[in-house]
Engineer: 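Starting off with a structure, shown below.
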Amino acid sequence: MNILLLGSGGREHALAWKLAQSRLLAGDEDRLYAAPGNPGIADHAQCIDLDTADHGAVIAFCEGERIGLVVIGPEAPLVDGLADSLREAGIAVFGPSKAAAQLEGSKGFTKDLCERAGIPTAGYVRTTSLDEAVRALDTFAAPYVLKADGLAAGKGVVIAATREEAEAALADMFGGQFGEAGAEVVIEEFMEGEEASFFALTDGATILPFGTAQDHKRVGDGDVGPNTGGMGAYSPAPVLDATLCGEVLERIVVPTVKTMADEGMPYSGVLYAGLMLTEEGPKLIEYNCRFGDPECQVLMMRLESDLGELMLACANNALGAQPPVKRSRQTALTVVMAANGYPGTPEKGGAIDLGEAEAGGAKVFHAGTKREGEQLVASGGRVLNVTAMGDNVTAAQKAAYEAVDAIDFPTAFCRRDIGWREIEREAKG
Ligand code: AMP
Ligand code: GLY
């Protein structure tokens with residue numbers, strides 16, 4: 001069949017690489033298209049221009065090219081209802097409806113759902129004015145967790161150490177710092193613990209656990225400095241052991257999927273649960289309605305099942321007929337090479353030579369690259385995701401940094417300690 005993948009980052013390069021290995025694309029006539037794609041994705045797919053905000057144009061392309069499955073990578077088109085438009089046109093799509101994507105698109109929606117379904121999460125208040133929000137601070141203690149309700153490109157969360165900082169941040173949020181996303185602000189109880197992520201595929205009825213991961217959000221070694229989209233990740237996350245995964249599934253993911261279905265908003269696609277492992281057990285921090293970036297890269301490295309068949313089964317409400325997802329027992333670890341300046345203004349146009357980085361089995365996923373003639377150059381903040389496998393986090397980290405060191409990319413930097421928490425634990429045995 002023909003498949004259309006939407007997106008342009010490292011997540012989509014990993015998806016394209018894995019989809020290209022699917023039996024669905026094994027025939028001579030089968031085509032993988034990507035819109036807009038990137039130079040790495042172009043190794044596996046035909047990259048095309050398509051405005052995903054123009055649902056009519058996406059549908060017309062799918063009809064013209066007889067697309068049998070659309071895979072939506074990023075959250076914005078999902079929250080915008082592209083999956084609904086495609087389904088109404090009779091086109092199979094991997095990704096939730098607009099109603100179901102509220103799990104990522106509205107923090108308040110998700111907190112209310114957790115309350116209705118008895119899902120463990122931080123206590124919270126939803127507020128719609130500065131006055132109301134400032135008064136609500138009285139019922140919380142420092143540090144204060146403040147969240148713009150809507151999508152804010154990962155920047156909508158402020159953890160304020162003092163009441164003064166909290167009030168200033170609230171004034172910014174209601175003052176329009178995040179546009180419409182900040183018209184409502186959720187104030188939450190601060191949770192203590194280690195963070196980890198749990199991924200599951202679902203068609204609204206069947207749930208297949210897809211793997212676990214941990215990422216590093218801060219820009220600097222030792223987890224310091226400003227937040228980023230993620231500077232590296234590894235999978236599996238050994239802190240989420242089989243017992244905890246069972247608990248997450250039973251107490252968080254199953255009641256979410258069931259409540260969404262019972263309330264007429266069946267969730268279909270990948271559900272990404274951001275978790276805090278507290279002394280009282282795992283609690284939900286937030287949901288995302290797509291794969292994580294760069295978590296997807298490590299999940300795809302380990303995936304042994306056929307990604308295309310799993311995604312098509314989600315789209316067709318047929319996940320119940322699929323066997324459990326097969327994953328390598330090895331650990332995958334990815335290091336993000338970012339352009340100097342990131343997460344502020346990244347330097348654009350820096351030349352990249354990948355050299356022999358992939359010679360030892362590593363994969364270099366393109367996140368923010370473009371071609372200028374024959375030359376590969378940086379075109380974004382996070383530019384490359386250098387990904388490798390090993391028997392544990394220590395070995396996977398070593399292999400990933402060997403690949404990083406084989407790349408000539410003078411205008412970039414990366415963290416040198418991805419996986420440090422787990423590597424410390426491995427050293428202690
Ligand atoms: P979110 O975008 O909701 O994942 O929040 C971004 C980051 O803020 C999370 O990865 C956590 O590190 C932190 N965070 C969010 N909510 C809380 C909370 N209730 N308690 C402690 N930390 C939080
Ligand atoms: N790496 C975090 C995210 O994709 O949301």
Engineer: Tell me whether Q397 contacts the main-chain N or O of T394 through its side chain, where contact means a donor paired with an acceptor under 3.5 Å.
Structural biologist: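 No; zero donor-acceptor contacts below 3.5 Å.
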Engineer: Under 3.5 Å, is there a donor-acceptor pair between the N392 and T331 side chains?
Structural biologist: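 No, no side-chain donor-acceptor contact under 3.5 Å.
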Engineer: Which distance, rounded to the nearest 0.5 Å, do you find between the CZ of F94 and the CG of L310?
Structural biologist: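 So the CZ of F94 and the CG of L310 are separated by 8.5 Å.
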Engineer: Nearest 0.5 Å please: distance from the CE atom of M311 over to the CG atom of L19.
Structural biologist: 5.5 Å
Engineer: Applying the side chain to side chain contact (heavy atoms under 4.5 Å, CB included) test to M337, which of L384, T411, I352 qualifies?
Structural biologist: L384
Engineer: Check this for me: does any side-chain nitrogen of one of E184 and K111 sit under 4.0 Å from a carboxylate oxygen of the other?
Structural biologist: no
Engineer: So do the side chains of L4 and L50 get within less than 4.5 Å of each other, counting heavy atoms only?
Structural biologist: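 Yes, at least one pair of side-chain atoms sits under 4.5 Å.
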Engineer: What is the minimum heavy-atom distance between L5 and L32, and which atoms define it?
Structural biologist: CB-CD1, 4.5 Å
Engineer: Between R66 and N2 (side chain of the first, backbone of the second, donor and acceptor by atom type, cut-off under 3.5 Å), is there such a pair?
Structural biologist: no
Engineer: Would you find a donor on one side and an acceptor on the other, under 3.5 Å apart, between the side chain of E358 and the backbone of V364?
Structural biologist: yes
Engineer: Is the ring pair H216/Y234 parallel, tilted or perpendicular, if the boundaries are 30 and 60 degrees?
Structural biologist: tilted
Engineer: Flag the pair R382 / P294 as yes when at least one side-chain heavy-atom distance between them is below 4.5 Å, and no otherwise.
Structural biologist: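 In short, these two side chains touch, coming nearer than 4.5 Å.
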Engineer: Can you find a pair of side-chain heavy atoms, one from L312 and one from M1, that are under 4.5 Å apart?
Structural biologist: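 They are in side-chain contact.
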Engineer: Could you check if a side-chain atom of H55 sits within less than 4.5 angstrom of a side-chain atom of L82, using non-hydrogen atoms only?
Structural biologist: yes
Engineer: Donor-acceptor check, side chain of H366 to backbone of N38, threshold 3.5 angstrom: yes or no?
Structural biologist: no
Engineer: Between L277 and L240, is there a side-chain heavy-atom distance shorter than 4.5 Å?
Structural biologist: yes
Engineer: Donor-acceptor check, side chain of T278 to backbone of P282, threshold 3.5 angstrom: yes or no?
Structural biologist: no
Engineer: Would you check if the side chain of S106 reaches a backbone N or O of G150 as a donor-acceptor pair within less than 3.5 Å?
Structural biologist: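 Checked: no pair found.
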Engineer: Can you name the nearest heavy-atom pair linking G7 to I41, along with the distance?
Structural biologist: O-CD1, 4.3 Å
Engineer: Quick test of your reading of the model: are K147 and E286 salt-bridged, counting only N-O distances below 4.0 Å?
Structural biologist: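 No.
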Engineer: Is the backbone of E75 close enough, under 3.5 Å, to the side chain of E104 for a donor and an acceptor to pair up by distance?
Structural biologist: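 Not confirmed, E104 side chain does not pair with E75 backbone.
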Engineer: Would you kindly say whether T256 and Y267 are connected by a side-chain donor-acceptor distance under 3.5 Å?
Structural biologist: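 Distance-only check fails for T256 and Y267.
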Engineer: Determine whether the side chains of Q297 and N385 contain a donor N or O and an acceptor N or O closer than 3.5 Å.
Structural biologist: yes
Engineer: Check the orientation of H13 and F365. Use parallel for under 30°, tilted for 30 to 60°, and perpendicular for over 60°.
Structural biologist: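 Ring orientation of H13 relative to F365: perpendicular.
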Engineer: Does some side-chain heavy atom of P209 sit less than 4.5 Å from a side-chain heavy atom of V325?
Structural biologist: no
Engineer: Are there over 12 heavy-atom neighbours, none belonging to E304, within less than 6.0 Å of that residue's CD?
Structural biologist: yes
Engineer: Heavy atoms only: give me the nearest P324-S305 pair and the separation to one decimal.
Structural biologist: O-OG, 4.1 Å
Engineer: Of all the heavy-atom pairs spanning G308 and L69, show the shortest one and how long it is.
Structural biologist: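 Smallest interatomic distance, heavy atoms only, reads O-CD2, 4.2 Å.
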Engineer: Does the D203 side chain pair with the main chain of S268, one donor and one acceptor, at a distance under 3.5 Å?
Structural biologist: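 The answer is no, because no donor-acceptor pair under 3.5 Å joins these two groups.
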Engineer: Assess the side chains of W420 and D223: does a donor N or O sit below 3.5 Å from an acceptor N or O?
Structural biologist: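 Checked: W420/D223 side chains pair up, N/O donor to acceptor below 3.5 Å.
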Engineer: Looking at G230, is its backbone amide N or carbonyl O close enough to the side chain of D215 to form a donor-acceptor pair, meaning the two atoms are under 3.5 Å apart?
Structural biologist: no
Engineer: For a 4.5 angstrom cut-off between non-hydrogen side-chain atoms, does V393 reach R421?
Structural biologist: no
Engineer: So, D405 and R416, do they make that salt bridge, N to O below 4.0 Å?
Structural biologist: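 Salt bridge flag = yes for R416 with D405.
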Engineer: Main chain of S85, side chain of E88: is a donor-acceptor contact present, judged purely on distance under 3.5 Å?
Structural biologist: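 Looks like no, no N/O pair under 3.5 Å.
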